[in-house]
Protein chains: 2
Amino acid sequence: MDTTLEHCASTPHEPNVFLDGCFAREAMTRLGGKWTVLVIKALGPQERMRFGELRRKLDGITQKMLTQTLRDLERDGMVNRLVYPTMPPRVEYSLTKLGLSTVDLIEAICDWAEQHSEEVRLARIAFDERATRDVQPISG
Amino acid sequence: MDTTLEHCASTPHEPNVFLDGCFAREAMTRLGGKWTVLVIKALGPQERMRFGELRRKLDGITQKMLTQTLRDLERDGMVNRLVYPTMPPRVEYSLTKLGLSTVDLIEAICDWAEQHSEEVRLARIAFDERATRDVQPISG
DNA sequence: CAGGATCCTTGCCGATACTG
DNA sequence: CAGTATCGGCAAGGATCCTG
C-alpha cells in the first residue's frame, strides 16, 4: 500500500501541469525563471560557487535578483547554502540532489536556446515586417 | 586582453545564455513562460487545435493570455496559425518545425515538474517553518 | 564579501466591454 | 467563435544606499 506522503493537501489528484492550482504548475516555473535556469547552469553538476563568483558569471544580474533567486532555489530544496562564520563572510552555494536532477534538463534548455536563437530572431523579424506591411491600408 | 564582456548585443559572438543582451537568453524565455510551455505541450507533436479547444485544455488561462501567448509563439516561428475565412471564424493552431523541435524538451520540463512537485512543496514548507522559528526572538 | 532595506518603474496579467 | 481594445492592480525587477 502506498503510504508515502500525500499530494496537495487540498487537491487530491495526480500532479498535472494542465490543472489550475496544481503545484506541479508552480514547480514548473522553477525551470522557467530567467535567472533560475542560469543560476542552476552556473552551479553545474558539482560546482561550489561563492556569491561574487555567481554574480560575475551571470552577466547582467543585479545583486538583488541573485540573492532572491538563490533564496527561492534554496527554499524549494534545489540549492544548498553554506555559510562560513568568518569575517569577511564567505558563503558557498551548490546544488542539492533535487537541484542536480534538473541539470540535464537545464543544459538542454540552454542548448536549445543557443542553437535556435538565430532562427527565432529571424522569424521574429519576418513576422514584424509582415505586420508592418499589413498596416498599410490600400496597396499590394 | 579583451577579458571583459563588451561583446554583447551588437558584436557577433557565439550564442551564450550567460551573456547579457545575447538573444539566446531571450529565446530561452520561450521555454520558460508559464503559458508558453503549456500551449506547446497542448499542441503536441502533430495536433491541430482550435482556439476554444486550447482554452478548455489550459485550465485557468484567460482569453487574453491565450491570444497573447499564441501570438508570441507565432511571432517566434514556433506556431502556425491557420485561418478559415468562414462565419463564424475558425482558426487552427499547430506547431511549426521549430516548435516541434521543443516538444521533447517541453515534455521533459513538465514531467520533471509533475514528478518532483511534491518534493519541492515539502522543501518549501520545511524552509518556511525554519524561517518562522528563526524570527521568534521577540514575541513568544 | 554577502547581503538587507528602500524606492520606483515596468509590464504582466485579470476583468470587462465590444466586434466581424 | 475568435478575437481586439482598454483600464487598472500588483508584483517582478532595477537602482541605490546601508551594514555586520
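Everything numeric in this text was worked out from a predicted model, so none of it was measured. Chain letters run A, B, ... following the sequence lines, proteins first and then strands; every chain starts at 1.
Tyr84(B) comes within contact range of no nucleotide atom at all, as no heavy-atom separation falls under 4.0 Å. At a threshold of 4.0 angstrom between heavy atoms, the contacts of Arg81(A) are confined to the sugar-phosphate backbone, with no base atom among them. Using a 4.0 Å heavy-atom distance criterion, Arg50(A) is classed as a sugar-phosphate-only contact. Residue-level contact check: Gln68(B) touches neither bases nor backbone, having no heavy atom under 4.0 Å from any strand.
Residue Lys64(B) has its side chain nearest to dC13(C) when only dG20(D), dC13(C), dG3(C) are considered. In the set dG14(D), dG3(C), dG3(D), the nucleotide with an atom closest to the side chain of Phe51(A) is dG3(C). Checked against dT4(D), dC1(D), dG4(C), the side chain of Gln63(B) finds its nearest nucleotide in dT4(D).
There is a side-chain donor-acceptor pair under 3.5 Å between Glu92(A) and Tyr84(A). Between the side chains of Tyr93(B) and Arg48(B), no donor-acceptor pair of N or O atoms lies under 3.5 Å.
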Could you please spell out the steps behind the side chain to side chain donor-acceptor pair (under 3.5 Å) verdict for Trp112(B) and Thr102(A)?
CA-CA 8 Å; Trp112(B) 183 92; Thr102(A) 72; 5.6 Å; no
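In this model, the phosphate group of dG4(C) is approached by a side-chain N or O of Arg71(A) to a distance below 4.0 Å at OP1 or OP2. For dG3(C), one of the phosphate oxygens OP1 or OP2 lies less than 4.0 angstrom from a side-chain nitrogen or oxygen of Tyr93(A). Distances shown here put a side-chain N or O of Thr62(B) below 4.0 Å from the OP1 or OP2 atom of dG14(C).
The CZ-P distance, from Arg56(B) to dA2(D), rounds to 8 Å in whole Å. Atom CG of Leu82(A) is separated from atom P of dG3(C) by 11 Å (rounded to the nearest Å). The distance from atom CG of Leu70(A) to atom P of dC1(C) is 16 Å, rounded to the nearest whole Å. The distance between atom CE of Met65(A) and atom C1' of dA5(C), rounded to the nearest whole Å, is 16 Å. Rounding to whole angstrom units, CZ of residue Arg55(B) and C1' of dG3(D) are separated by 9 Å. Between Asp72(B) atom CG and dG3(D) atom C1' the separation is 15 Å, expressed in whole Å. Across the protein-nucleic acid pair, Asp20(A) atom CG and dC13(C) atom P stand 13 Å apart, rounded to whole Å. Note: CZ (Arg48(B)) to P (dA2(D)) measures 14 Å, nearest angstrom.
Rounding to the nearest 0.5 Å gives a distance of 11.0 Å between CD1 of Ile106(A) and CG of Asp111(A).
The pair Glu47(B)-Lys41(B) does not meet the salt-bridge criterion, since no charged nitrogen lies less than 4.0 angstrom from a carboxylate oxygen.
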